[in-house]
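Data block below; observations after.
Everything numeric in this text was worked out from a predicted model, so none of it was measured.
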Amino acid sequence: MSRCAWRFAWLPSVSFLVGAVIVFFTMRFSVAARAREFRLLLCLGESRAGVAASLLLEAAILGVVGTIIGLLISVPAGRMLLAEGISTTGQRPEGGDILPWPELISMTGISVTIALLGVAGPVRSIFRMEIAQVLQPRFLGEDAQGRDLNPTGLWWLLPPAIAAAYVLGRPFLVSWLSVIHFFLFEAAFITILAAATLWWVTPLLRGAIRLFEAVIKPLLPLEALLTGRRMRLASKQIGFAVIGIVLVFSMLTALHDITRSLKDEIARWGEVALVPYIFYERTSVPADPESFRRLLALNGLVFYRLSAKIPGALPMRLVKGEDVNPIRQKLGRPLLLPGTVIFSKTLAARFDVSVDDALIIEQKGGKHRFRVIEVSDDLGFYAEDGKYIDLRSYAVFSDGNPLFASNLERTLGLYGVAQFKDGSLPLWRPIRGDALYPYYLRTRFGLISGYRQSREIDRDFLIFDFILVMTVVLATIGVANTLLIQVHGREREFSVFRTIGMDRLQIIKMLVAEGLIVGFVGAFLAAIIGNILGAVSVSFLDHFTLFDYRFLVSLQATGLISLICIGTCLVAAIYPAIVAVRTSSAESLHYE
């Protein structure tokens, strides 16, 4: 299953984009909250160029320090994950790890650039500030909206986002050129989807605020009024926190949809090709065929003799016609006779083959023509070690074809698969490994092999689970940071509330309510966008791979992810609320 992990190579790029959005707007919000400070510096005689230079230097220092800390943490964390077999291949690498220095240096430059771009807009605003504004009274609406340093301009993130996607995706593009169109489509789609989310957030946020006011007003009239007014005034700033939440949890929802689709495809294939069968390898040729048939009857088995499998562009295997045709005739399916062939679904998808197509094999002796009578996986598969896609690719011929008489047909009976006549599974009717001795010995139970495949695919996705958990943590920090910046910018507001008689619990309720509203709006959008993204991803996986993927919506999983989203925002609002109630009213109300 580890061969499938590369299909989700866009996930680290999306996680980086989420972090970039959080860092970008955190820088802008923090600067916007200091607009009055910059005006005072200009009033005291500081040049605009000096204020701008100090702001850029501060952003550069923060970007460099943060990047260095991230790199120092990433190396031991990466080695720890590799030691546990948590990687994009689902396996422990052989030999020592090699640090990708070019990629690390590129990401360092990109992260510092993002920090600088976060203050680019405010720096430009500094040169357009009117010093007379500093003498005006400061009203709640002006502080909330941050008119002079309005945190907009998401387009600044487009160049570094594209650069990050290239750095993270380049190794996969080099190795998997056959799916480059799918990868590029996903990257473009995710970018467009993230941009489109901007247009949805503000109206939905305002609608959620009004709904909150209507529901909470009978119980907490003062908190509902103040929270609603404040969030409407700051809806643009809060909207960017919602965007980060939507990006994170829509990716979580989409990945769950893709993972479920992949597991469902494996399970459906296993139910046909693996689970019903017991796999055998021949130890000796039956001298008395009748004695072998008695062993089969004694154990209630139906046995199909298989040949060795010829690898190559057209993997092929023979099956004894007299073993399979009686059952196929009973089921009303076309008989496997000389001149006919059955393609597995994976091989048929590789060559775009369908029923009644003709397979022509040329050799020195002439042309051999075979008619495709069926495309299915329930005949011809033998459980062995090898690449997953190769094991599922094969063409099944019967004995009696002149093409195979002197080669492949000589190995017919070397392998065998058996199933119970009554259709029961081996799990409920265990059979001894030496039940067909001395002719055949059991090598594998199909049911156990299917279970192991399921466990292997779970291991393959551990790396993506780790990335998403870290991204959720990052989103929590981002939301908490955004709320905390707003809290520091609202110290005078909270002091006024405290002065007019509001207690600490009421202020905490206000901030927690803000976090819950952000969580509900983010969860709603993430559920919609995530499932849409999952459906598109599954559709393209089905189109660009050799497997049969089907999109399935899980209301239970979507609901659980939505609850995690709301809980994340609730937790993120707790620390800013604690900071808010610790604010000194006397210090906040003194003249600046």
Side-chain angles (χ1 to χ4, degrees), residues 272-274 276-286 289 292-293 296 301-331 333-348 350-351 353 355-387 389-419 436 439-444 446:
V272 173
L274 268 179
Y277 296 107
I278 309 168
F279 298 90
Y280 289 89
E281 188 170 345
R282 190 172 66 191
T283 55
S284 64
V285 179
F292 180 63
R293 283 193 287 269
L296 293 176
L301 295 174
V302 177
F303 196 82
Y304 307 129
R305 285 167 286 182
L306 306 176
S307 72
K309 180 180 175 181
I310 296 180
L314 182 67
M316 56 185 69
R317 166 173 275 142
L318 302 186
V319 63
K320 195 71 172 177
E322 65 182 48
D323 294 343
V324 299
N325 284 328
I327 297 177
R328 296 183 65 83
Q329 185 175 18
K330 184 177 180 180
L331 296 175
R333 299 169 71 174
L335 302 182
L336 183 62
L337 303 171
T340 62
V341 62
I342 296 175
F343 271 58
S344 70
K345 290 183 178 180
T346 302
L347 188 65
R350 175 180 288 176
F351 293 107
V353 171
V355 175
D356 289 331
D357 284 349
L359 171 65
I360 300 175
I361 301 177
E362 294 186 12
Q363 62 172 192
K364 293 182 180 179
K367 294 183 180 180
H368 299 267
R369 185 183 183 89
F370 301 89
R371 184 173 65 90
V372 180
I373 60 171
E374 191 174 70
V375 174
S376 85
D377 292 319
D378 62 350
L379 179 64
F381 176 77
Y382 187 83
E384 53 192 337
D385 295 329
K387 292 184 177 180
I389 192 170
D390 292 340
L391 293 177
R392 292 182 55 168
S393 301
Y394 52 86
V396 183
F397 300 84
S398 72
D399 57 323
N401 288 288
L403 177 64
F404 310 113
S406 60
N407 44 62
L408 197 57
E409 196 164 316
R410 294 180 179 180
T411 67
L412 191 59
L414 189 61
Y415 304 96
V417 295
Q419 64 181 139
L436 301 183
Y439 309 118
Y440 285 89
L441 283 179
R442 188 188 68 215
T443 57
R444 299 189 185 187

Check: [Y] and [X] side chains under 4.5 Å, non-hydrogen atoms:
{"X": "K345", "Y": "R350", "answer": "no"}
{"X": "L414", "Y": "E281", "answer": "no"}
{"X": "Y304", "Y": "I327", "answer": "yes"}
{"X": "Y280", "Y": "Y439", "answer": "no"}
{"X": "L391", "Y": "E384", "answer": "yes"}

What pair of heavy atoms forms the shortest contact from [X] to [Y], and how long is it?
{"X": "P315", "Y": "K309", "answer": "CB-CE, 3.6 Å"}
{"X": "A313", "Y": "L347", "answer": "O-CD1, 4.3 Å"}
{"X": "P326", "Y": "G321", "answer": "CD-O, 4.2 Å"}
{"X": "F381", "Y": "A273", "answer": "CD2-O, 3.6 Å"}

Give a yes or no answer on whether the side chain of [X] reaches the backbone of [Y] with a donor-acceptor pair at less than 3.5 Å.
{"X": "R317", "Y": "G380", "result": "yes"}
{"X": "S344", "Y": "R392", "result": "yes"}
{"X": "D357", "Y": "V353", "result": "no"}
{"X": "T340", "Y": "I373", "result": "no"}

>> Tell me whether the rings of F292 and F303 are parallel (<30°), tilted (30 to 60°) or perpendicular (>60°).
In response: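 Perpendicular.
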>> Once you measure the plane-to-plane angle for F397 and F404, does it fall in the parallel (<30°), tilted (30-60°) or perpendicular (>60°) bin?
In response: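 Correct class here is tilted.
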> What pairs with A308 under side chain to side chain contact (heavy atoms under 4.5 Å, CB included), at least two apart in sequence or on another chain?
Replying inline: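 A308 satisfies side chain to side chain contact (heavy atoms under 4.5 Å, CB included) with T411, Y415 only.
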>> Before you tell me yes or no, could you show the steps for I342 and V372 under side chain to side chain contact (heavy atoms under 4.5 Å, CB included), namely the whole-Å CA-CA distance, both residues' side-chain angles and the distance that decides it to 0.1 Å?
In response: CA-CA 6 Å; I342 296 175; V372 180; over 6 Å; no
> Which pairs with one or both residues in residues 397-407 pass side chain to side chain donor-acceptor pair (under 3.5 Å), sequence neighbours excluded?
Replying inline: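 Only K320-D399 qualify under side chain to side chain donor-acceptor pair (under 3.5 Å).
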>> Show me the pairs that pass side chain to side chain donor-acceptor pair (under 3.5 Å) and involve residues 366-379, at least two apart or across chains.
In response: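 For residues 366-379: R328-E374, R333-E374, R333-D378, D356-R371, Q363-H368, E374-S376, S376-D378.
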> How many angstroms lie between CG in L441 and OG1 in T283, if you round to the nearest 0.5 Å?
Replying inline: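 Between L441 CG and T283 OG1, I get 5.0 Å after rounding to 0.5 Å.
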> Just how far is it from atom CZ of F351 to atom CG of L359, taken to the nearest 0.5 Å?
Replying inline: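 CG of L359 is found 9.0 Å from CZ of F351.
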>> Working note: R444 + V417, criterion side chain to side chain contact (heavy atoms under 4.5 Å, CB included); need CA distance, chi angles, decisive distance, verdict.
In response: CA-CA 10 Å; R444 299 189 185 187; V417 295; over 6 Å; no
> How far apart are the C-alpha atoms of Y440 and S284, what are their side-chain angles, what is the distance that settles it, and do they pass the side chain to side chain donor-acceptor pair (under 3.5 Å) test?
Replying inline: CA-CA 7 Å; Y440 285 89; S284 64; over 6 Å; no
>> Could you go through F370 and L403, starting from their C-alpha distance and side-chain angles, then the distance that decides it, and tell me whether this counts as side chain to side chain contact (heavy atoms under 4.5 Å, CB included)?
In response: CA-CA 11 Å; F370 301 89; L403 177 64; 4.1 Å; yes
>> For Q329, is the CD atom crowded, meaning more than 12 foreign heavy atoms sit under 6.0 Å from it?
In response: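 No, because the 6.0 Å sphere around CD of Q329 holds 12 heavy atoms or fewer from other groups.
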>> Checking L337 against N325 for the side chain to side chain contact (heavy atoms under 4.5 Å, CB included) test, could you report, in this order, the C-alpha distance in whole Å, the side-chain angles of both residues, the deciding distance, and whether it holds?
In response: CA-CA 8 Å; L337 303 171; N325 284 328; 3.9 Å; yes
> For the side-chain contact (heavy atoms from CB on, under 4.5 Å) test, which of L306, L336, L318, V324 pairs with V396?
Replying inline: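 For V396, the side-chain contact (heavy atoms from CB on, under 4.5 Å) check succeeds only for L336.
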